[in-house]
Amino acid sequence: MRAVVKNGVGVFTPQGFLDGNSSSSFLSIDDIEATAALEVDMILVSLKRVIFFNKNGLDIFMKLFSKVRQKNHATVGFCDYDEKKYRAINVFYQDKMYFSLYKTIEIAYLFSSSFQNQNKNVLLYSEDRSQRSAMAIELHDNGHNPIIAQTSQEFKEKSSNKDAYDAIADLTYLGQMGQKIATRVTGNAIIYSISSYLDAEISNKFNIQYHNNSLNVGFRLFVFDAYKVISMNVHALNFFSKLASSAAEYNASICFVGMDFEKTTETFKDTLEDAGILFYEQMDDILKNKELLQELGASSAANTKIKRVINKQTVTELPRFIDATVVTIEMMTNSKAIKQSAEVQAITIKDKTDKIASSIGYYGDLDGMVILVFPKGIAKKACELLIGENTDDVELILDTLAELVNIVGGKIKTLLSDQNISVDITLPRTYNDVDSLLEVIQDRKGVQVELSFNDDKFLFFLTR
């Protein structure tokens with residue numbers, strides 16, 4: 001099958017049914033590589049003429065996409081589908097969406113670097129806040145004017161006036177950007193959802209590695225949404241008791257919200273409370289109580305885990321970490337970064353005035369933490385596009401900064417993946433002052449890189 005190439009995008013258009021028996025006959029690695037040799041930005045498979053597909057059919061394309069990503073680094077994915085097909089693909093791959101989805105080929109063109117500086121007004125919306133931010137940054141970098149709808153209702157109202165926009169982008173997904181393991185909320189709480197009957201399976205379903213890395217990054221408040229929990233047995237009781245003991249080493253708090261003990265013995269609740277777990281009836285009892293949020297989720301110097309030194313492999317990949325960070329900040333501030341110094345040392349921040357910070361962890365083939373320290377001026381400038389206006393609201397800036405750092409994490413993940421290094425990333429942790437950050441990382445050594453954006457100092461720190 002030959003691809004049609006336009007605006008830097010190569011598109012294959014299979015017809016009929018895509019299943020395990022037919023997909024391999026539509027497309028071969030030779031077809032893909034022949035198209036990639038044309039130096040296209042994207043290689044996409046159009047689904048507009050596909051009557052039916054199943055996961056086996058799409059898996060054939062996944063293998064080909066993986067080879068293209070490793071060899072040519074082009075964006076890969078699907079385009080030209082309706083909402084039913086979009087939802088089906090999301091169900092099939094869930095948290096393993098390493099490819100991109102574009103509702104139409106016209107939307108894909110907007111994200112192609114060969115279609116830059118067209119100055120299109122693009123209304124965009126995604127249910128995933130990180131995706132909204134990622135799409136806005138890519139469109140902005142390509143010379144377009146993104147208008148972000150923050151809610152589905154706002155999108156419905158704005159999209160009804162089609163003449164107001166050059167393009168409307170929804171049901172679109174940029175691969176590697178989503179983060180669905182947990183939800184970050186104001187106050188730096190991570191919320192886990194649990195349901196049904198809790199038994200020994202909870203230890204298999206719960207991502208303990210992700211949880212431990214979230215502790216390492218600096219999260220100190222973990223909330224279990226237990227509204228839909230029917231009951232638990234002694235195995236689940238022991239799991240949560242051990243989880244609470246582990247959290248105590250970091251002075252972290254674990255809370256249960258909405259747990260009904262009608263079918264669970266009260267002695268279980270007493271045991272969990274003795275282990276340090278707190279119980280609340282409503283989520284708002286925590287999230288709308290700023291003093292309580294500060295008390296439960298505040299940073300603390302209590303951290304008895306063994307400190308590890310930064311290793312050679314991490315230092316070797318340092319340029320990729322810096323590139324992902326610099327490219328994102330340059331995009332958002334329209335300024336050029338200048339590297340001023342790089343040293344292996346404990347983090348050193350001489351001037352703490354008007355600084356805010358964020359950290360994000362990664363784990364897998366490599367593990368560690370990236371810390372970014374911003375002057376408030378840079379943070380405000382970098383967040384203006386995503387917020388849609390200039391603001392001095394510190395909480396809003398911190399929330400938006402976390403989304404920005406989440407995108408940096410996604411770029412790091414992609415760059416490492418191109419080197420066959422597989423990592424997952426935690427959600428970002430933000431700090432409204434430098435002292436709170438220093439309490440968490442204490443005296444860990446790492447690589448500290450001093451950068452300058454328009455004479456404003458910016459700090460990058462990579463540690464384990």
Side-chain angles (χ1 to χ4, degrees), residues 7-9 41-42 44 75 77 79-81 83 86 97 100-179 324-335 378-391 393 396-411 414 428 453:
N7 294 327
V9 182
D41 302 315
M42 300 181 183
L44 304 178
T75 297
C79 64
D80 297 328
Y81 46 76
E83 183 171 358
Y86 176 78
M97 297 269 284
S100 295
L101 300 172
Y102 303 98
K103 186 178 180 181
T104 66
I105 186 60
E106 288 74 25
I107 291 175
Y109 291 152
L110 297 173
F111 291 89
S112 168
S113 59
S114 298
F115 194 68
Q116 289 186 348
N117 302 316
Q118 300 291 321
N119 197 27
K120 301 288 187 182
N121 290 319
V122 184
L123 174 65
L124 67 89
Y125 176 70
S126 170
E127 296 168 348
D128 186 327
R129 181 177 175 181
S130 296
Q131 281 290 317
R132 295 200 297 270
S133 301
M135 286 191 286
I137 289 174
E138 294 293 330
L139 290 170
H140 175 73
D141 189 45
N142 277 3
H144 305 302
N145 177 34
I147 299 96
I148 305 174
Q150 302 291 347
T151 65
S152 59
Q153 182 60 34
E154 181 185 352
F155 177 72
K156 183 178 180 181
E157 292 172 358
K158 289 185 174 180
S159 61
S160 63
N161 183 12
K162 292 182 172 57
D163 293 337
Y165 311 99
D166 297 306
I168 298 176
D170 68 324
L171 301 182
T172 292
Y173 182 91
L174 304 186
Q176 304 264 19
M177 289 296 180
Q179 186 60 263
T325 304
V326 168
V327 166
T328 305
I329 305 301
E330 284 183 341
M331 274 193 244
M332 302 304 294
T333 59
N334 289 320
S335 59
I378 289 183
K380 283 178 60 177
K381 179 69 175 176
C383 293
E384 275 180 22
L385 174 68
L386 305 184
I387 297 173
E389 61 184 8
N390 191 4
T391 181
D393 185 330
L396 181 57
I397 291 172
L398 286 171
D399 275 353
T400 309
L401 182 64
E403 295 302 327
L404 184 65
V405 174
N406 197 34
I407 292 166
V408 171
K411 287 183 180 295
T414 301
F453 290 86

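Everything numeric in this text was worked out from a predicted model, so none of it was measured.
A heavy-atom distance below 4.5 Å is not found between the side chains of F453 and K381. You'll find the side chain of Y165 reaches within 4.5 Å of the side chain of I147, heavy atoms only. Counting only heavy atoms from C-beta outward, the side chains of N406 and S133 never approach each other to under 4.5 Å. Contact of the Y125 side chain with the K156 side chain is not registered, since no non-hydrogen atoms from C-beta on lie closer than 4.5 Å. Taking the side chain as every heavy atom from C-beta outward, K380 and T391 never approach each other to under 4.5 Å. With contacts defined as side-chain heavy-atom distances shorter than 4.5 Å, the pair L404/I329 qualifies. For the pair L396 and T400, the minimum side-chain heavy-atom distance is below 4.5 Å. The shortest distance between side-chain heavy atoms of I168 and F155 falls below 4.5 Å.
Judged by distance alone, the side chain of Y86 and the main-chain N or O of Y102 form no donor-acceptor pair under 3.5 Å. The backbone N or O of S100 lies less than 3.5 Å from no partner atom in the side chain of Y173, so there is not a single donor-acceptor pair. With hydrogens and angles ignored, the 3.5 Å screen pairs a side-chain donor or acceptor of T414 with a backbone N or O of G410. No donor-acceptor pair closer than 3.5 Å links the side chain of D166 to the backbone N or O of V122.
In this structure, the separation between CG on D170 and OG1 on T172 is 6.5 Å, given to the nearest 0.5 Å. Rounded to the nearest 0.5 Å, atoms CG (L110) and CG (N142) are 8.5 Å apart. Note that OG1 of T104 and OH of Y109 are 9.5 Å apart. Values are rounded to the nearest 0.5 Å. Between the CD atom in E403 and the CG atom in D128 there is a gap of 8.0 Å [rounded to 0.5 Å]. S112 OG to N7 CG: the interatomic distance, rounded to the nearest 0.5 Å, is 6.5 Å. For the atom pair CD of E157 and CD of E154, the computed distance is 7.5 Å after rounding to the nearest 0.5 Å.
Here the closest heavy-atom approach between residue H144 and residue N119 is recorded as ND1-N, 3.7 Å. The heavy-atom pair separating Q131 from S126 by the smallest distance is CB-OG, 3.4 Å. L124 approaches R132 most closely through the heavy-atom pair CD1-O, 3.7 Å. In terms of heavy-atom proximity, F111 sits nearest to E138 at CD2-CB, 3.8 Å. Considering all non-hydrogen atoms of both residues, A136 and P146 come closest at O-CG, 3.6 Å.
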